[in-house]
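A short worksheet on the structure shown next.
Reckoned from all heavy atoms, side chains included, excluding hydrogens, waters and symmetry mates.
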There are 2 protein chains.
Amino acid sequence: MPRSLKTAEIEKNSHLDYFNIAVSVDCVIFGYDNKELKVLLIKSDLEEFTGLWSLLGDLVRLDEDIESAPYRVLKERTGLDDVYLDQVYTFGDLGRHPSGRVITTAYYSLIDIKHQLKLTHNELHWHKVNDIRKLAFDHKNILDRSLERLREQVMEHPIIFNLLPEKFSLRELQDLYQAILGVNLDRRNFRKKIAHKDWLLDLDEMENDVPHRPGKLYKAKTQFRKNPGKRKTNRAEARSLID
Amino acid sequence: MPRSLKTAEIEKNSHLDYFNIAVSVDCVIFGYDNKELKVLLIKSDLEEFTGLWSLLGDLVRLDEDIESAPYRVLKERTGLDDVYLDQVYTFGDLGRHPSGRVITTAYYSLIDIKHQLKLTHNELHWHKVNDIRKLAFDHKNILDRSLERLREQVMEHPIIFNLLPEKFSLRELQDLYQAILGVNLDRRNFRKKIAHKDWLLDLDEMENDVPHRPGKLYKAKTQFRKNPGKRKTNRAEARSLID
DNA sequence: CCAAAAGTGTTTCAACTACACCCATGC
DNA sequence: GCATGGGTGTAGTTGAAACACTTTTGG
């Protein structure tokens, strides 16, 4: 009963297992720091991929909904419990996993990199998304698709706040949009657009410790923060909240 | 080796199989006729779902990419070979299949209902999408998500022509958009918008057999018709073609 | 006083909406 | 000649883009 197989054990699959299809999830965990979009990767321990990094994934257990699996992976790897997750795509080409037939469903996740993570593995590191050229398996492809999806979602849906600390200035928000979209935005137009969307609460507080004129601080209206209502209803909720 | 298991045999899974996760694909096959959006369904042969209809699906084989599976299902069920397909979402809740643990990836497909289909099963019928209240398994949910996705795609991407015969009038095209989106569109604005997109070739031919002034006939520029280049590149191609 | 970013309004342009009349064909 | 849809243009509105100066703070 392969109930508690770990990713690191996939390669130990017996020949018998090889003749079944295994189902995994892979998490594209995005974070934001120092004006750069980052992704959390783990050093691959497969011989075929020595020196390469890979996404965090695991086999789906027999006793969990597929959507629970990425929450479990996040919890196990980072200690985080209440995160934004969205399914991206399912990848199932024949040769995508060297140890056998593994079909994987990719989820992307947005977390506040400053929430001191309890990283459970010392081979776990944040990488600048822009610097990544090659990953183990088809994970570069999965990353590209997830980033593409994130870019599609981020201007339309109030999800970006999950990448920021609770309080932030409009400049920080704009920098983050720019990091994700890879473009520069006009400050005045950006502020008008954000104001129009009515996603923010004005905290009547100011930044401090900045070496220039401090900006006002805002936070996201609570319904947009983290993962409102947990599993399954993500998409529908996010959608209804912006109508 | 469960290499050639058929959907209809899922329920025969042994207890041994029950303790594995099976992977299937389900096809939401859309067609258009008589100003109504239709979907191709098969009568469920599971006891639990007596009298209910279900989507066409099958287990993914060990020797095929996951994206090949829906093409194979389409080919087996309708005889069609070169169809538009797009992955929608992967559904994997614990209780979704009464015979065991089956995770399914949904694809939607757009086909010309008039291409006389070689329907391989006499319990296979077209149903008006608007009339469907209940389906076997979680297929109503899958249908709803697929329709939602089709609606998102159809104004932005040149895919709708796959639902029409090769030659069509602007009225037919508009009727089809209206059937999909569930709204009425202004004729003049619609024609301007379509003209602007530059998706059509003017055939310099007229309708005949219509009991009113005949309209001009158009066809989609060839790159938008059917499934250009087959599997895998669907999304990327569709996207690049509209830039 | 210098550097850095905060904050703010107007004009232009493109896209979308609403809306009405004459035309061509079949019957 | 009547019914049905074909075919077309304009005015108003809305959202996006371009663009520059003054203010506040820290150093």
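Summarising the geometry, the separation between NZ on K197(B) and C1' on dC16(C) is reported as 12 Å, rounded to the nearest angstrom. dT8(C) atom C1' lies 16 Å from atom CZ of F190(A), rounded to whole Å. In this structure, D175(A) places its CG atom 15 Å from P of dA4(C), rounding to the nearest Å. Atom pair K193(A):NZ and dA18(D):C1' shows a separation of 14 Å (rounding to whole Å applied). Between the CG atom of L181(A) and the P atom of dA16(D) there is a distance of 14 Å, given to the nearest Å. Rounded to a whole Å, the CD1 atom of I194(B) is 15 Å from the C1' atom of dA15(C). The separation between K192(B) atom NZ and dC16(C) atom P is 10 Å, rounded to whole Å. Atom P of nucleotide dT8(D) and atom CD of Q174(B) are separated by 14 Å, given to the nearest angstrom.
Here K216(A) does not pair with E207(A) in a salt bridge; the nearest charged N to carboxylate O distance is not below 4.0 Å.
Ring pair F190(B)/Y177(B): centre-to-centre distance below 6.0 Å. W53(B) and H125(B) have their aromatic ring centers within a separation under 6.0 angstrom.
Because its NZ or CZ atom is both nearer than 6.0 Å to the ring centre of Y89(A) and within 45° of the ring axis, R145(A) counts as a cation-pi partner of that residue.
Of the listed nucleotides (dG5(D), dG9(D), dT8(D)), dG5(D) has the atom at the smallest distance from the side chain of R171(B). The side chain of D186(B) lies closest to dC19(C), out of dA6(C), dA15(C), dC19(C).
Distances shorter than 4.0 Å separate none of the side-chain N or O atoms of R187(A) from OP1 or OP2 on dA5(C).
Side chain of D202(B) to backbone of D204(B): a donor-acceptor contact under 3.5 angstrom is found.
No donor-acceptor contact under 3.5 angstrom links the side chains of S44(A) and S54(A), judged on distance only.
Among the atoms of the strands shown, only primed sugar atoms or phosphate atoms (P, OP1, OP2) are found under 4.0 Å from some heavy atom of K216(A). Within the 4.0 angstrom heavy-atom criterion, base atoms lie near R188(B).
Each of P214(A) and N189(A) was assigned the nucleotide of DNA chain D with the nearest heavy atom; the assignment lying further toward the 5' end belongs to N189(A). Where R213(B) and L170(A) each meet DNA chain C at their nearest nucleotide, the meeting point lying more 5' is that of L170(A).
Within residues 201-212 of chain B, the residues having any heavy atom under 4.0 Å from DNA chain D are, by residue number, H212(B).
Contact check for W199(A) versus F161(A): side-chain heavy atoms found under the 4.5 Å cut-off.
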